[in-house]
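Convention: sequence-line order gives letters A, B, ...; per-chain numbering from 1.
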Amino acid sequence: MIEKTYQPSEVEGRISQAWEQAGAFKAGRPERAQADAYSIVIPPPNVTGSLHMGHALNNTLQDVLCRFERMRGKDVLWQPGTDHAGIATQMVVERQLMEQQQPGRRDMGREKFLERVWAWKAESGGTIVNQLKRLGASCDWSRERFTMDEGLSKAVLKVFVELYREGLIYKDKRLVNWDPKLLTAISDLEVMPVETKGHLWHLRYPIEGKTFNAEDPSTFIVVATTRPETMLGDSAVAVHPDDERYKALIGKHVILPLVGRRIPIIGDEYSDPEKGSGAVKITPAHDFNDFEVGKRHGLPQINVLTIEAKITFAENVFHQPDQVSADFEETKKLEGLDRFAARKAIVARLEEMGLVEKIEPHTNVVPHGDRSNVVIEPFLTDQWYVNAAELVKPAIAMVREGKTSFVPKNWEATYFNWMENIQPWCISRQLWWGHQIPAWYGPDGKVFVALSEAEAQTEADKHYGQTTALKRDEDVLDTWFSSALWPFSTLGWPDKTKELERFYPTSVLVTGFDIIFFWVARMMMMGLHFMPKERPGAPAEQIVPFKDIYIHRLVRDASGAKMSKSKGNVVDPLGIIDEFGADALRFTLMRAVAPSHDIRLGPQDVENNRNFATKLWNAARFVEFNGAVRVEGFDPKSAKETLNRWIAHETQKAAAEITAAIETYRFSDAAGAAYRFVWNVYCDWYVELSKPVLTGADGPAKDETRAMAAWALDEIIKLLHPFMPFITEELWAVTAEQGPKRGAMLALSDWPALAGLSDDKAEAEIGWVIDLITAIRSIRAEMNLNAVIPVVLAGASATTQDLVQRWADVIKRLARVSEISSAATAPAGSVQLVVRGEVAALPLKGVVDLSAERARLAKEMQKAEADIVRVDAKLNNPNFMARAKEEVVEEEKEKREEAVGRKAKIAEALERLQGGGVTSLSLPRNRTRVYPSSAF
RNA sequence: GGGCGCGUAGCUCAGCGGAAGAGCACCUCCUUGACAUGGAGGGGGUCACAGGUUCGAUCCCUGUCGCGCCCA
């Protein structure tokens with residue numbers, strides 16, 4: 001018995017449990033051992049995360065694919081798991097410590113702190129997983145992994161060590177993006193450029209050997225800078241070698257103000273004569289460009305900042321006593337001052353000394369940390385790097401060769417653009433939470449990289465010739481390092497598991513465009529490097545980690561704004577699920593997803609789709625009320641009733657459309673087709689047209705209609721399941737109470753594979769009935785006719801007369817018609833309808849307002865004439881006749897014929913209207929074919 | 001500066017070479033025996049602008065103007 005109303009909140013939890021108990025989502029089901037494998041790895045959400053709309057979209061897409069392929073009989077693995085999210089998680093726990101007024105991370109010590117993080121993970125790390133389950137995600141939850149669990153850590157170790165041994169991982173001292181708040185290096189990708197209003201300071205650097213005189217430009221050179229505080233670390237001034245203004249100064253020196261250091265004026269093309277003063281200060285330790293200039297000219301790198309971005313002179317070793325200016329004692333007082341305070345102080349002093357020529361307002365792009373949101377400092381440190389430029393080569397080639405395809409394709413341009421300009425990937429982080437780098441140092445700094453401490457020790461002992469104490473590298477790896485291994489590490493690599501054998505490479509990756517670089521690109525690199533297919537007697541074949549990459553875009557709020565906590569416009573998917581149900585949310589997202597647009601999501605949209613779920617529910621109730629129970633072995637091909645043959649025909653068409661759309665990742669087309677089929681075909685017409693039979697006398701027709709109604713509903717439930725898994729699974733269960741037993745849960749049942757149900761005759765007949773009803777309804781509404789009216793078929797063929805009698809019941813009820821009769825010609829004073837070539841007349845003499853009808857006919861007449869003129873223009877054009885395709889010319893001729901016929905009918909109707917109250921109306925073109933399938 | 005994308009009905013978006021589409025919103029009517037979370041009908045668009053290619057352009061090309069995003 002189907003409940004009166006569908007309550008998602010009551011049903012969804014129960015269905016989830018049922019799936020879990022049945023192990024419905026388990027990969028490697030024995031009965032599917034021979035089936036094709038289908039696999040997707042989930043983009044692992046951060047353990048700290050909670051479900052947001054982006055997750056909801058991303059995971060619904062994957063779930064649709066997995067449920068679809070599972071129903072198609074494949075052995076599906078949707079591999080779930082979470083990411084340890086180094087910085088994010090460490091921040092969460094540190095904040096918690098602070099809130100609870102407990103000792104901070106450093107006071108606690110590394111080991112205890114990590115214990116604390118694990119405890120936090122045990123307690124709170126499952127949140128996001130439970131939320132994904134509420135969404136309906138059909139992951140194989142028994143295989144859930146975590147980027148820091150034992151197996152994945154083993155994979156990380158192996159990859160690090162092997163890449164190191166191949167020379168693809170190395171340690172280097174160079175500038176990194178340093179986060180002075182989190183006190184760690186970060187990768188280029190974690191740096192967000194923020195346009196900031198600032199200033200451009202023009203500073204005068206006195207030229208050596210001249211007495212500085214603010215009035216005499218020959219005694220100084222002006223450099224322009226946005227970061228005056230870094231001048232303490234300047235080691236040169238650069239001018240363009242061809243710049244006539246400065247050419248003569250190249251090779252001379254300036255005395256760095258406040259410090260007294262003697263630094264050279266060099267010629268380098270980096271200096272842009274158009275910008276600022278044309279001369280720039282060079283600070284190799286604090287600017288990426290200056291670093292390169294410094295390397296070209298062999299300049300010292302003088303770091304003047306601490307890790308917290310405070311002024312230090314500790315490394316300022318270039319103060320020979322004879323170079324120290326009298327000012328330096330004063331300058332030294334800046335030690336320990338924050339960079340921005342130091343900037344003010346330095347500018348103030350320079351101004352006092354007359355060394356500031358001018359200050360211009362200037363907008364520039366300042367790098368900020370995406371986590372800490374503080375200004376990132378280019379900072380000279382030792383870090384570990386991956387030689388990405390090398391690893392990227394096959395990753396580019398595979399996409400070029402089409403081994404992996406982006407959907408939509410245009411993302412390939414973005415991918416290539418980045419991959420071809422890739423920089424070394426800085427993978428070390430000065431954090432505690434993460435995979436500690438497997439590198440140990442001897443007393444002399446010699447590094448030993450190994451899979452274990454013992455192995456490193458052995459190597460070291462051999463190297464030193466005696467047992468030597470080693471110290472492990474304190475740093476951990478970038479979180480994305482382990483994520484890059486996700487497609488194979490989750491399947492058990494480096495062990496040779498049967499899962500790897502069966503489910504790798506994966507079928508498709510579904511992800512947002514924002515992590516193409518962070519994640520997709522790196523999985524390509526690592527996957528190609530570590531997962532080649534061995535071929536005995538031949539070079540190993542390169543295997544891509546996924547065949548397709550489906551890229552989706554953002555979910556925005558109803559007004560198109562990006563959802564963000566600070567704006568307060570975040571729509572919580574769980575709140576939506578509570579209110580409308582997971583199915584409504586999922587269906588809304590699937591109907592709206594478009595490759596080239598972000599999704600705008602408003603509550604109204606979700607409500608509409610909740611209404612769709614209700615509609616489906618009520619259709620099922622109707623079927624049940626009418627005793628339409630599934631019949632064992634029912635074959636829709638055997639149906640005799642035209643109506644039943646018609647719905648079978650339509651069901652096959654809808655199934656084909658939905659299947660083709662999902663196969664090609666056109667999710668909104670698939671959802672839209674399902675929506676229209678259920679609502680506009682099954683509910684609006686099949687249910688309505690079947691009522692006379694279902695409520696009529698018992699007999700074979702009624703039996704067949706019951707069986708067909710139940711069969712078609714069953715197909716609908718299957719077709720909708722990938723999109724709306726809960727309500728469909730519930731209906732599957734409820735409808736199983738009667739009729740033959742179900743073999744399996746819906747999630748494991750067969751996807752409709754319909755054939756041989758196409759029936760043009762049935763389509764023509766039912767289509768005609770539908771068009772007739774629609775046409776009559778249209779007239780009624782337009783003429784404001786509430787009364788029940790009669791219909792007369794004018795000059796109809798015997799077949800049509802026969803047909804209309806067969807459908808008389810339905811026509812009477814749905815079009816509110818009193819009786820249907822036939823006559824040779826339309827009775828006087830009737831409105832004429834042309835329905836698929838047949839004329840139906842409504843005798844309405846004295847009932848309708850004829851002036852309104854006259855106006856309408858005049859308008860129709862204009863339209864018909866315009867159509868004829870337009871077609872004639874084509875047909876009279878010799879070029880068109882000569883060059884257009886034959887079938888196009890044919891079509892135009894048919895159009896002309898149709899329009900001419902229509903015009904004649906309208907003229908006739910108008911004439912009769914003038915003559916004495918006889919109204920004749922030709923149905924406007926766009927209404928003559930209200931139903932064929934294209935309308936649905 | 002380089003790249004990608006978008007300007008189609010009031011709103012959100014399909015269509016991408018042969019007569020302008022959907023959903024929502026809006027207006028009118030309907031307590032018809034699954035559903036008012038419903039049913040029926042209707043109005044509404046020089047497809048951003050300007051050139052070009054074509055027998056024919058919302059659709060292809062070029063440019064202009066707006067609006068996003070990514071990279072430097």
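- The C1' atoms of B/A57 and B/A48 are separated by 16 Å, rounded to the nearest whole Å.
- Straight-line distance from the CZ atom of A/Arg556 to the P atom of B/U12: 12 Å, rounded to whole Å.
- The gap from the C1' atom of B/C60 to that of B/G17 amounts to 8 Å, rounded to the nearest Å.
- Nucleotides B/A22 and B/C35 have their C1' atoms positioned 22 Å apart, rounded to a whole Å.
- Whole-Å rounding puts the A/Glu897 CD to B/A19 P distance at 17 Å.
- Rounded to whole angstrom, the span from the NZ atom of A/Lys885 across to the P atom of B/G18 amounts to 9 Å.
- A distance-only check finds no donor-acceptor pair linking the side chain of A/Arg553 to the backbone of A/Ala594 [under 3.5 Å].
- We find that CE of A/Met419 is positioned 24 Å from P of B/G2, with the value rounded to whole Å.
- Applying the salt bridge (Lys or Arg N to Asp or Glu O under 4.0 Å) definition to pairs two or more places apart or across chains, none involves residues 2-12 of chain A.
- Using atom P as the reference point in both B/A40 and B/C6, the two lie 35 Å apart (nearest Å).
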>> Test ring-ring contact (aromatic ring centres under 6.0 Å, His included) on A/Trp411 and A/Tyr415; report intermediate values, then the result.
In response: CA-CA 6 Å; A/Trp411 287 109; A/Tyr415 174 84; over 10 Å; no

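- One interatomic measurement links the two molecules: CG of A/Asn609 to P of B/C24, which rounds to 10 Å at whole-angstrom precision.
- Remark: A/Arg400 is positioned above the aromatic ring of A/Phe416, its terminal NZ or CZ atom under 6.0 angstrom from the ring centre and at most 45 degrees off the axis.
- Taking a 6.0 Å sphere around NZ of A/Lys903, one finds it holds 12 or fewer heavy atoms contributed by other residues, nucleotides or ligands.
- Helical stems in RNA chain B, defined as runs of 3 or more consecutive Watson-Crick or G-U wobble pairs with both donor-acceptor distances under 3.5 Å, are listed by first residue as B:1-7 with B:65-71, B:10-13 with B:21-24, B:26-30 with B:38-42, B:48-52 with B:60-64.
- At the phosphate of B/C69, neither OP1 nor OP2 sits under 4.0 Å from any side-chain N or O atom of A/His597.
- In terms of modelled atom types and a separation under 3.5 Å, the side chain of A/Lys702 and the main chain of A/Ala697 share no donor-acceptor contact.
- To the nearest whole angstrom, the two C1' atoms, one in B/C24 and one in B/A19, are 27 Å apart.
- Backbone-only contact: A/Asp598 has heavy atoms under 4.0 Å from sugar-phosphate atoms and none from a base.
- In this structure, A/Asn877 contributes its side chain and A/Asn879 its backbone to a donor-acceptor pair below 3.5 Å.
- The A/Arg870 side chain lies nearest to B/A19 when the options are B/C70, B/A14, B/A19.
- Comparing B/C49 with B/C11, their C1' atoms are spaced 23 Å from each other, to the whole Å.
- Set against B/C11, B/C4, B/G18, the side chain of A/Arg600 has B/C11 as its closest nucleotide.
- Just one residue in the list A/Tyr550, A/Trp519, A/Phe406 forms a side-chain contact (heavy atoms from CB on, under 4.5 Å) with A/Leu509, and that residue is A/Trp519.
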> With the sugar-phosphate defined as primed atoms, P, OP1 and OP2, and the base as all remaining atoms, what B/S/- string results for nucleotides 25-40 of chain B, 5' to 3', for protein heavy atoms under 4.0 Å?
Replying inline: ----S---BBB-BSSS

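- We find that NZ of A/Lys562 is positioned 8 Å from C1' of B/C69, with the value rounded to whole Å.
- Atom-to-atom, CG of A/Leu554 to C1' of B/C69 comes out at 9 Å; the value is rounded to the nearest Å.
- Residues A/Arg591 and A/Phe723 have side chains not in contact (no heavy-atom distance under 4.5 Å, counting atoms from C-beta outward).
- Atom CD of A/Glu886 is surrounded by 12 or fewer heavy atoms from other residues, nucleotides or ligands within 6.0 Å.
- Side-chain atoms of A/Arg780 never come within 3.5 Å of backbone atoms of A/Ile776 as a donor-acceptor pair (strictly under, hydrogens ignored).
- For the pair A/Asn876 CG and B/G56 C1', the interatomic distance rounds to 15 Å; values are reported in whole Å.
- Using atom P as the reference point in both B/G7 and B/G42, the two lie 29 Å apart (nearest Å).
- Where A/Phe517 and A/Ile773 meet RNA chain B, the nucleotide closest to each residue was compared, and A/Ile773 sits on the side nearer the 5' end.
- Going from the C1' atom of B/U58 to that of B/A20 covers 8 Å, rounded to whole Å.
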